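The block underneath contains the structure these notes are about, expressed in structure tokens.
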Amino acid sequence: MRLSLAFYERPALIVARQLIGKTLVHHAGGGRRAGRIVETEAYVGEHDLACHASKGRTRRTEVLFGPPGRAYVYFIYGMYHCFNVVTEAEDVAAAVLVRALEPVAGIPPGQSTDGPGKLCRALRITLAQNREDLCGKRLFLEDGPPVKGSLVRRGPRIGVDYAGQWARKPYRFWVRDNPFVSARRFSR
DNA sequence: CTATTGATGGTC
DNA sequence: ACCATCAATAGG
């Protein structure tokens with residue numbers, strides 16, 4: 001069952017935790033590509049120095065300030081894309097980065113999904129999907145069996161050392177011992 | 001196993 | 001100039 005607007009219209013930390021175990025689905029090029037979410041990170045608002053919205057309202061971050069349930073896709077390091085879900089009410093610029101998937105459908109064997117750049121490549125998510133409505137038919141999330149709390153671990157976000165004390169907050173969630181989680185050395 | 005570096009382009 | 005990444009490489 002597809003997740004509805006009400007799911008996204010909550011604090012990013014709640015959505016990040018609840019997204020663990022859900023399935024991300026993208027219909028592209030005539031194929032259905034899907035993966036089970038096993039790692040996420042919350043970016044909680046303008047005051048969060050690791051959140052892109054802390055730079056203010058720009059063309060790139062505008063979507064974060066918009067309504068929840070939209071995709072925020074950005075291009076990074078000249079060659080990768082990262083996929084986020086916009087959360088919270090309009091004008092609250094929070095989002096959840098999806099960092100790793102367990103392949104479910106339409107992903108060739110051997111293609112990795114253990115990292116935000118890699119999962120976008122595998123699901124064919126690019127800037128063309130930026131701002132896409134996740135309650136639509138092309139790109140959306142589906143419910144799945146709940147993942148027990150004892151199986152979900154929490155720790156600091158990856159790659160945000162520039163954000164001072166915000167870099168150390170435990171805003172990253174992952175499934176314990178799951179082989180598809182990124183940054184294995186930080187994921188036990 | 002850890003540490004370092006280069007690829008490559010949108011954004012401000 | 002900076003960057004919410006990744007793969008390749010060198011070294012212990």
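Worth saying up front: this structure is predicted, and the values here are computed from it rather than measured. Throughout, protein chains are lettered first and strands after them, A, B, ... in sequence-line order, and every chain is numbered starting at 1.
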Review point. What about Tyr77(A): does its side chain form a donor-acceptor pair under 3.5 Å with the base of dA7(B)?
Key: no
Practice item. Grab the OH-P distance between Tyr80(A) and dG10(B) for me, whole Å please. Key: 16 Å
Practice item. Report which part of the nucleic acid Arg60(A) touches: base, sugar-phosphate, or nothing (heavy-atom distance under 4.0 Å, all strands). Key: sugar-phosphate
Revision key, fill the gap. When every non-hydrogen atom of Tyr171(A) is compared with those of Leu13(A), the smallest separation belongs to CD2-CD2, 3.4 Å
**Study point:** Residues within residues 100-126 of chain A bordering DNA chain B, heavy-atom distance below 4.0 Å
**Key:** none
**Study point:** Watson-Crick or G-U counterpart of dA4(C), or none if no pair lies under 3.5 Å
**Key:** none
Review point. Taking NE2 from His81(A) and C1' from dT11(B), how many angstroms apart are they, rounded to a whole number?
Key: 14 Å
Practice item. Measure across Tyr72(A) and Asn130(A) and return the closest heavy-atom pair with its distance rounded to 0.1 Å. Key: CA-OD1, 3.5 Å
Exercise for review: Find the distance Glu39(A):CD to dA4(C):P and express it as a whole number of Å.
Suggested key: 16 Å
Review point. Honestly, is Arg157(A) close enough over Tyr43(A), meaning NZ or CZ under 6.0 Å from the six-membered ring centre and within 45° of the axis?
Key: yes
Practice item. Let me know the distance between CD of Glu62(A) and P of dC12(B), rounded to the nearest Å. Key: 11 Å
Practice item. Grab the OH-P distance between Tyr72(A) and dG10(B) for me, whole Å please. Key: 15 Å
Review point. Please give, in whole Å, the distance from dT8(B) C1' to Tyr74(A) OH?
Key: 16 Å
Point to revise | Base-pairing assignment for dT8(B) (Watson-Crick or G-U wobble, both under 3.5 Å) | key: none
Point to revise | Met79(A) CE to dA4(C) C1', straight-line distance once rounded to whole Å | key: 16 Å
Point to revise | Per Cys82(A) side chain, nearest of listed nucleotides dT5(C), dA7(B), dC12(B) | key: dT5(C)
Exercise for review: Would you tell me if any nitrogen or oxygen in the side chain of Arg172(A) comes within less than 4.0 Å of OP1 or OP2 on dA4(C)?
Suggested key: no
Practice item. Please report, rounded to the nearest Å, how far the C1' atom of dC12(B) is from the CD1 atom of Ile76(A). Key: 13 Å
Study note, to complete from the structure: When every non-hydrogen atom of Thr113(A) is compared with those of Leu101(A), the smallest separation belongs to OG1-O, 2.6 Å
Review point. Which atom names give the shortest non-hydrogen contact between Cys135(A) and Arg2(A), and what distance separates them?
Key: O-NH1, 3.9 Å
Point to revise | Nucleotide nearest Tyr162(A) when distance is taken to its side chain, options dG9(B), dA7(B), dA4(C) | key: dA4(C)
Exercise for review: Considering non-hydrogen atoms only, spot the tightest contact between Lys22(A) and Phe7(A) and give its length.
Suggested key: CE-CE1, 4.0 Å
**Study point:** Over all atoms of both residues, closest heavy-atom pair of Val86(A) and Leu64(A)
**Key:** CG1-O, 3.9 Å
